[in-house]
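Have a look at the structure below before the remarks.
The model shown is predicted, which means the values in this text are computed figures rather than measured ones. Values below: all heavy atoms of this structure, side chains included; hydrogens, waters and symmetry mates excluded.
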Amino acid sequence: EYYFRLSEIVRAYIEARFLIAAPDMTTEEFLSTLARGDAILPGEHVGRLRPFMEACDYVKYAALTPDVDAAVQALGTARNFVQTTAGAIPDQTRGGQAA
């Protein structure tokens, strides 16, 4: 439940921030969309997000049981992703103005 909710929060953020329907896509689909030529999000952000999202998928779909340290690290990764991308990337909804 924890990983499912954490993943959904990050997907909803991506949808709102980058105008990508992440909640409706597979992990690979939306990561590929984000990484498309660094046009939407610089590759280093996608590179950090990928292991987080893949870990969430393993927990959700392969019944992997992570330990507490892994859960805390997952939260830190999600928080860091949001904090580092919240204002750093031009917001396409406002004519390229930084949010």
Side-chain angles (χ1 to χ4, degrees):
E1 182 71 20
Y2 173 83
Y3 274 79
F4 176 78
R5 288 181 184 259
L6 191 56
S7 171
E8 290 302 305
I9 290 167
V10 171
R11 287 171 179 267
Y13 167 76
I14 290 169
E15 181 175 43
R17 178 69 179 93
F18 302 105
L19 306 176
I20 295 171
D24 301 326
M25 297 176 162
T26 67
T27 296
E28 191 56 42
E29 287 172 336
F30 84 78
L31 287 174
S32 293
T33 301
L34 280 174
R36 193 175 333 128
D38 285 352
I40 297 172
L41 187 64
E44 70 265 11
H45 292 296
V46 177
R48 287 186 210 124
L49 186 61
R50 180 176 296 281
F52 163 78
M53 295 307 302
E54 289 172 348
C56 288
D57 285 352
Y58 286 134
V59 172
K60 293 186 309 186
Y61 303 118
L64 176 75
T65 304
D67 60 22
V68 173
D69 290 338
V72 170
Q73 183 178 4
L75 176 60
T77 300
R79 181 178 288 140
N80 183 271
F81 174 76
V82 171
Q83 290 173 339
T84 59
T85 61
I89 310 302
D91 186 342
Q92 290 89 14
T93 64
R94 296 193 182 108
Q97 300 294 320

Is V72 linked to F4 within one hydrophobic cluster, defined over Ile, Leu, Val, Met, Phe, Trp and Tyr using a side-chain heavy-atom separation of less than 4.5 Å?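 Different hydrophobic clusters.
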Find out if a path of hydrophobic residues (ILVMFWY) with successive side-chain heavy-atom gaps under 4.5 Å connects M25 to I9.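 In one cluster: no.
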Salt-bridged, [X] to [Y], with N to O below 4.0 Å?
X: R48; Y: E44; result: no
X: E15; Y: R11; result: no
X: E28; Y: R50; result: yes

Residue among V82, L31, I20 satisfying side-chain contact (heavy atoms from CB on, under 4.5 Å) with I14: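 It is I20; the other options fail the test.
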If I take atom CE from residue M53 and atom NZ from residue K60, how far apart are they, to the nearest 0.5 angstrom?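 Here the rounded value is 5.5 Å.
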Output the distance between atom CG (L34) and atom OG1 (T85), rounded to the nearest 0.5 Å.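 So the gap between those two atoms works out to 9.0 Å.
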Give me the ring orientation class for Y13 and F18: parallel if the planes are under 30° apart, tilted from 30 to 60°, perpendicular past 60°.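 Ring orientation, 0 to 90° scale: perpendicular.
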Take atom OH in Y2; do more than 12 heavy atoms of anything else shown fall under 6.0 Å from it?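 Atom OH in Y2 is crowded, with more than 12 foreign heavy atoms closer than 6.0 Å.
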Is atom CD of E29 surrounded by more than 12 heavy atoms (other residues, nucleotides or ligands) closer than 6.0 Å?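 Above 12, so yes.
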Looking only at heavy atoms, what is the nearest atom pair of A74 and F52, with distance?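 The pair with the smallest heavy-atom distance is O-CE1, 3.4 Å.
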Could you tell me whether a side-chain N or O of S7 sits under 3.5 Å from a main-chain N or O of Y3, the two making a donor and an acceptor?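 Between the backbone of Y3 and the side chain of S7 there is no qualifying donor-acceptor contact (under 3.5 Å).
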Could you check whether any side-chain heavy atom of L49 comes within less than 4.5 Å of a side-chain heavy atom of V10, counting everything from C-beta outward?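 Of all side-chain heavy-atom pairs linking V10 with L49, at least one is under 4.5 Å.
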